[in-house]
Amino acid sequence: MATIRLGQILFSRVSNTVRKPQQCSSFIKYYSSQMKTYELIKVETTGEKNNVALITLNRPKALNALCNQLMTELNEAIGELDKNDNVGAIVITGNEKAFAAGADIKEMVNNTYSHSMKGNFLSFWNAVSKVIKPVIAAVNGYALGGGCELAMMCDIIYAGDKARFGQPEIAIGTIPGAGGTQRLTRIVGKSKAMEMVLSGNHITAEEAEKSGLVSKVFPSDKVVQEAIKLGEKIASHSQLIVSMAKESVNMAYETTLQEGLHFEKRMFHGTFATADRKEGMIAFTEKRPPKFTNQ
């Protein structure tokens with residue numbers, strides 16, 4: 001795939017972006033522009049309007065094992081994208097073999113309890129979960145340990161049909177440390193989480209979808225483009241209202257029903273202070289597409 005430097009006017013076509021008639025009822029042309037260069041991740045914008053950010057984890061020889069440098073680069077990139085008004089959604093992916101096959105064990109093997117406590121080890125790994133904009137994980141291959149935890153930090157998970165999810169830390173004498181016992185339990189329930197965490201067994205993409213861990217499953221060669229399509233759909237709405245909706249859903253995930261209902265009502269009331277709510281409703285009554293300004 002050819003790319004261009006940020007700031008140039010020309011765009012280059014992503015390979016395989018014009019879909020065949022049997023794949024899609026209409027032809028969709030995707031473009032990509034490269035952003036800041038990192039060593040262990042690739043960052044670009046894509047989509048018809050170039051308003052979806054695509055972050056690709058790029059340690060193929062290590063099956064995208066999550067090391068401190070990779071996570072530092074990811075945190076920096078996603079923080080910059082979160083402030084970019086031209087980006088309406090973010091997709092994180094790996095490669096066909098692995099989304100991320102876990103944390104880098106070589107970095108941890110000589111770690112100690114005191115060092116972990118003093119340095120609050122892994123504390124900065126959860127930055128993805130704090131992003132205001134919607135984040136979609138497009139998972140192919142292995143999403144194990146830290147890789148599964150990273151996927152769960154995202155708002156939506158799309159999986160390729162050959163994807164595998166798991167928390168195998170128990171097999172190397174430790175436990176999940178970046179949300180594997182907490183987010184997983186909230187998503188799939190106690191029994192399934194216990195089975196996965198205590199046995200270290202992997203589950204298939206189909207099992208992950210049935211348990212609610214994954215939103216949808218696609219053929220492995222389609223999952224990234226499907227995630228981008230979803231990102232484009234999300235980016236077509238008001239970024240301001242999308243952020244309010246995301247925060248409200250997260251409140252349901254983290255609090256009691258009554259607290260969540262109260263928060264939702266107040267957020268709903270808050271939309272009436274925005275120009276985009278007014279524009280959306282007027283456009284609906286006038287039977288025309290809304291023109292959101294994120295105000």
### Check against side chain to side chain contact (heavy atoms under 4.5 Å, CB included), Ser215 and Glu209
CA-CA 6 Å; Ser215 179; Glu209 183 182 23; over 6 Å; no
### Task
Would you please indicate if the ring centroids of Phe99 and Tyr142 are separated by under 6.0 Å?
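Phe99 vs Tyr142: aromatic centres not under 6.0 Å.
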Answer whether the closest heavy-atom distance between the side chains of [X] and [Y] falls below 4.5 Å.
X      : Y      : answer
Lys192 : Ile203 : yes
Leu144 : Gln167 : no
Ile156 : Ile234 : yes
Thr93  : Val139 : no
Glu39  : Gln69  : yes
Met71  : Cys67  : no
Tyr158 : Val214 : no
Glu254 : Glu259 : no

I need the [X] [atom1] to [Y] [atom2] distance, nearest 0.5 Å.
X      : Y      : atom1 : atom2 : value
Gln295 : Thr274 : CD    : OG1   : 9.5 Å
Lys291 : Asp276 : NZ    : CG    : 13.5 Å
Glu73  : Lys42  : CD    : NZ    : 13.0 Å
Met153 : Ile92  : CE    : CD1   : 9.5 Å
Leu150 : Leu57  : CG    : CG    : 6.5 Å
Asn86  : Asn50  : CG    : CG    : 9.0 Å

Side-chain donor or acceptor of [X] paired with backbone N/O of [Y] under 3.5 Å:
X      : Y      : result
Lys133 : Leu81  : yes
Asn75  : Phe124 : yes
Asn95  : Ala98  : yes
Thr185 : Thr181 : yes
Glu279 : Phe292 : no
Asp104 : Leu66  : no
Glu149 : Gly179 : yes
Thr255 : Ala252 : no

### Chi angles and distances behind the side chain to side chain contact (heavy atoms under 4.5 Å, CB included) call for Lys162, Asn140
CA-CA 7 Å; Lys162 297 178 182 178; Asn140 268 321; 5.9 Å; no
### Query
Step by step, would you call Ser116 with Asn111 a side chain to side chain donor-acceptor pair (under 3.5 Å)?
CA-CA 7 Å; Ser116 298; Asn111 210 351; 3.3 Å; yes
### Task
Mind running salt bridge (charged side-chain N to carboxylate O under 4.0 Å, His left out) on Lys229 and Glu48 for me, showing each step along the way?
CA-CA 9 Å; Lys229 281 176 59 179; Glu48 281 192 294; over 6 Å; no
Over 12 non-hydrogen atoms of neighbours within 6.0 angstrom of [atom1] in [X]:
X      : atom1 : value
Phe284 : CZ    : no
His269 : NE2   : yes
Glu107 : CD    : yes
Ile105 : CD1   : yes
Lys246 : NZ    : yes
Tyr113 : OH    : no
Ile132 : CD1   : no

### Query
Is it true that Glu207 and Lys210 make a salt bridge, defined as a side-chain N closer than 4.0 Å to a carboxylate O?
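Salt bridge flag = no for Lys210 with Glu207.
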### Which residues share a ring-ring contact (aromatic ring centres under 6.0 Å, His included) with Phe268, sequence neighbours left out
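Expected list: Phe272.
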### Query
Of the options Thr56, Ile55, Asn64, which is the one that meets Ile41 in a side chain to side chain contact (heavy atoms under 4.5 Å, CB included)?
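Of the listed residues Thr56, Ile55, Asn64, the side chain to side chain contact (heavy atoms under 4.5 Å, CB included) partner of Ile41 is Ile55.
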### Query
Would Ile78 and Asp82 satisfy side chain to side chain contact (heavy atoms under 4.5 Å, CB included), going step by step from the backbone distance to the final call?
CA-CA 6 Å; Ile78 209 162; Asp82 206 23; 5.9 Å; no
